[in-house]
Amino acid sequence: MAFLASFLTSPWALAALGVVALGVYWYFGRVLQRCPHCRRLVRRAVRGWFRCTYCGRQYHRSVPRQR
């Protein structure tokens, strides 16, 4: 148990955790976007129009924020 506590507080483990968190943030930023109508996270529209699964309205990557 002491090894786990010392490992989790080491600078290398915290740096690795930061890199992983940054990678997850970047990945979800590339895959998801906010619906311009209801502001929920939805799949990013790369081509064409998608329909939001929550509010049912269509959105495109170029649709500006409505709220």
How would you list, by chain and number, every residue that makes a side chain to side chain contact (heavy atoms under 4.5 Å, CB included) with Ala16, sequence neighbours excluded? none
In this structure, CZ of Arg43 is separated from CZ of Phe50 (nearest 0.5 Å) by 4.0 Å
I'd like to check the side chain to side chain contact (heavy atoms under 4.5 Å, CB included) partners of Leu41; sequence neighbours left out, ordered by chain and number. Leu32, Arg34
Arg51: what forms a side chain to side chain contact (heavy atoms under 4.5 Å, CB included) with it, not counting sequence neighbours? Gln58
Nearest 0.5 Å, what's the CD-CZ distance between Gln33 and Phe28? 15.0 Å
If hydrophobic clusters are built by linking Ile, Leu, Val, Met, Phe, Trp and Tyr wherever their side-chain heavy atoms come under 4.5 Å apart, do Val46 and Trp49 end up in the same one? no
Taking a hydrophobic cluster as the set of Ile, Leu, Val, Met, Phe, Trp and Tyr residues connected by side-chain heavy atoms closer than 4.5 Å, whether directly or through intermediates, do Val19 and Leu22 fall within one such cluster? no
Smallest heavy-atom separation, Cys52 atom then Cys55 atom, equals SG-N, 3.5 Å
Using the side chain to side chain contact (heavy atoms under 4.5 Å, CB included) criterion, which residues pair with Leu14? Sequence neighbours excluded. none
Minimal non-hydrogen separation, Tyr54 against Arg40, with atom names: CD2-NH1, 3.0 Å
